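Below: the structure, in structure tokens.
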Amino acid sequence: MVRIITRLDQVKRELHDHEKPPIDFQIGTISGKVRAIIADEDREFKAGQIKAVKIKKIPINAKHISFISAYAANKYGHAMAVGEETYLPISMDRTADHAQFAAALDCKIEKDDLLGILILLPVELTGRWKE
């Protein structure tokens, strides 16, 4: 018995090799944290304004990076960043105590309003960041 391999068989093999699209990013089994960004003061905004808002403190462990969720959590605008009065390096424990909020509509943000979601992921420090 003789099997004749045609070009079609070669194309099928190549397609099989590419069934799973290549990935750009993988976290694997790393566990992260999700924290609510909650206003700790009342602030008034005009549409288009960006202001700092005091928030309930969010502890950020050393060697963790943070991301603001792109999913809108507040109908009036979006939290763009969190921070603290004194910058500390990633190798130290930190605490976020204010957020930058961008208003899409005229609004009054009230104490205890949800402004956004903060995602915290652990990282391994390498190179110049390594302790």
Side-chain angles (χ1 to χ4, degrees):
M1 185 162 150
V2 176
R3 179 168 182 214
I4 300 173
I5 298 177
T6 66
R7 174 88 173 119
L8 181 59
D9 288 336
Q10 181 183 1
V11 170
K12 285 180 181 178
R13 278 195 305 276
E14 288 178 15
L15 286 175
H16 177 72
D17 292 343
H18 297 340
E19 281 180 357
K20 292 183 180 180
I23 58 173
D24 293 327
F25 182 75
Q26 183 175 354
I27 294 175
T29 59
I30 295 173
S31 298
K33 299 175 184 176
V34 177
R35 298 291 181 258
I37 303 170
I38 306 290
D40 201 27
E41 68 175 339
D42 296 343
R43 294 293 305 257
E44 290 192 20
F45 287 83
K46 295 286 185 194
Q49 283 186 321
I50 300 172
K51 295 182 188 179
V53 177
K54 288 182 187 175
I55 60 171
K56 295 188 186 259
K57 291 183 178 182
I58 302 172
I60 301 172
N61 293 342
K63 301 178 186 174
H64 277 66
I65 56 174
S66 63
F67 299 92
I68 302 290
S69 172
Y71 188 82
N74 186 293
K75 66 181 179 180
Y76 298 116
H78 195 73
M80 297 173 50
V82 297
E84 58 191 324
E85 186 175 332
T86 305
Y87 169 78
L88 295 173
I90 193 172
S91 60
M92 297 178 68
D93 287 340
R94 296 157 287 154
T95 303
D97 59 13
H98 67 272
Q100 289 290 340
F101 186 79
L105 305 169
D106 291 352
C107 64
K108 180 178 181 184
I109 296 297
E110 296 180 352
K111 186 174 181 174
D112 296 325
D113 279 354
L114 176 64
L115 302 179
I117 301 295
L118 187 67
I119 301 164
L120 301 168
L121 294 174
V123 295
E124 180 180 342
L125 300 178
T126 59
R128 68 183 182 122
W129 297 105
K130 197 169 190 171
E131 295 177 307

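Fair warning: this is a prediction, and the values are worked out from it, not measured in the lab. Along the sequence shown, residues are numbered consecutively beginning with 1.
Shortest non-hydrogen contact noted between K108 and D42 is CE-CB, 4.0 Å. Smallest separation of non-hydrogen atoms from A39 and I109: CB-CG2, 3.8 Å. Across all their heavy atoms, A73 and G116 have their closest contact at CB-CA, 3.8 Å. Here the closest heavy-atom approach between residue A79 and residue I37 is recorded as CB-CD1, 4.2 Å. Closest heavy-atom contact between A104 and A47: O-CB, 3.5 Å. Shown here for A103 and F45, the closest heavy-atom pair between the two residues is CB-CB, 3.5 Å.
Every side-chain contact (heavy atoms from CB on, under 4.5 Å) that I50 has, sequence neighbours left out, goes to M80, Q100, A102. Considering only residues two or more places apart in sequence or on other chains, Y76 meets the side-chain contact (heavy atoms from CB on, under 4.5 Å) condition with N74, L105, C107. In this view, E41 and R43 satisfy the salt bridge (Lys or Arg N to Asp or Glu O under 4.0 Å) rule, not counting sequence neighbours. Residues forming a side-chain contact (heavy atoms from CB on, under 4.5 Å) with K46 (at least two apart in sequence, or on another chain): Q49, D106. R35 pairs by the salt bridge (Lys or Arg N to Asp or Glu O under 4.0 Å) definition with nothing, not counting sequence neighbours. Legend: residues meeting side-chain contact (heavy atoms from CB on, under 4.5 Å) with E85, ordered by chain and number and at least two apart, are absent.
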Worksheet item: Which is it for K33 and I119 under the side chain to side chain contact (heavy atoms under 4.5 Å, CB included) test, yes or no, and what are the steps along the way?
Response: CA-CA 6 Å; K33 299 175 184 176; I119 301 164; over 6 Å; no
Discussion item. For a side chain to side chain contact (heavy atoms under 4.5 Å, CB included) check, start with the C-alpha distance between I65 and L120, then their side-chain angles and the critical distance, and finish with the verdict.
Written reply: CA-CA 6 Å; I65 56 174; L120 301 168; over 6 Å; no
Would you be so kind as to tabulate the donor-acceptor pairs closer than 3.5 Å made by side chains of residues 53-62, with sequence neighbours excluded?
{"residue": "K56", "atom": "NZ", "partner": "D112", "partner atom": "OD1", "Å": "2.9"}

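Applying the 4.5 Å side-chain rule to ILVMFWY residues, one finds V34, L114, I117 in the same cluster as I38.
Residue pairs meeting the ring-ring contact (aromatic ring centres under 6.0 Å, His included) criterion with at least one member in residues 103-124: none, sequence neighbours excluded.
Between the CE atom in M92 and the NZ atom in K63 there is a gap of 12.5 Å [rounded to 0.5 Å].
Side-chain contact between V123 and H64: absent, with no pair of heavy atoms (C-beta onward) separated by less than 4.5 Å.
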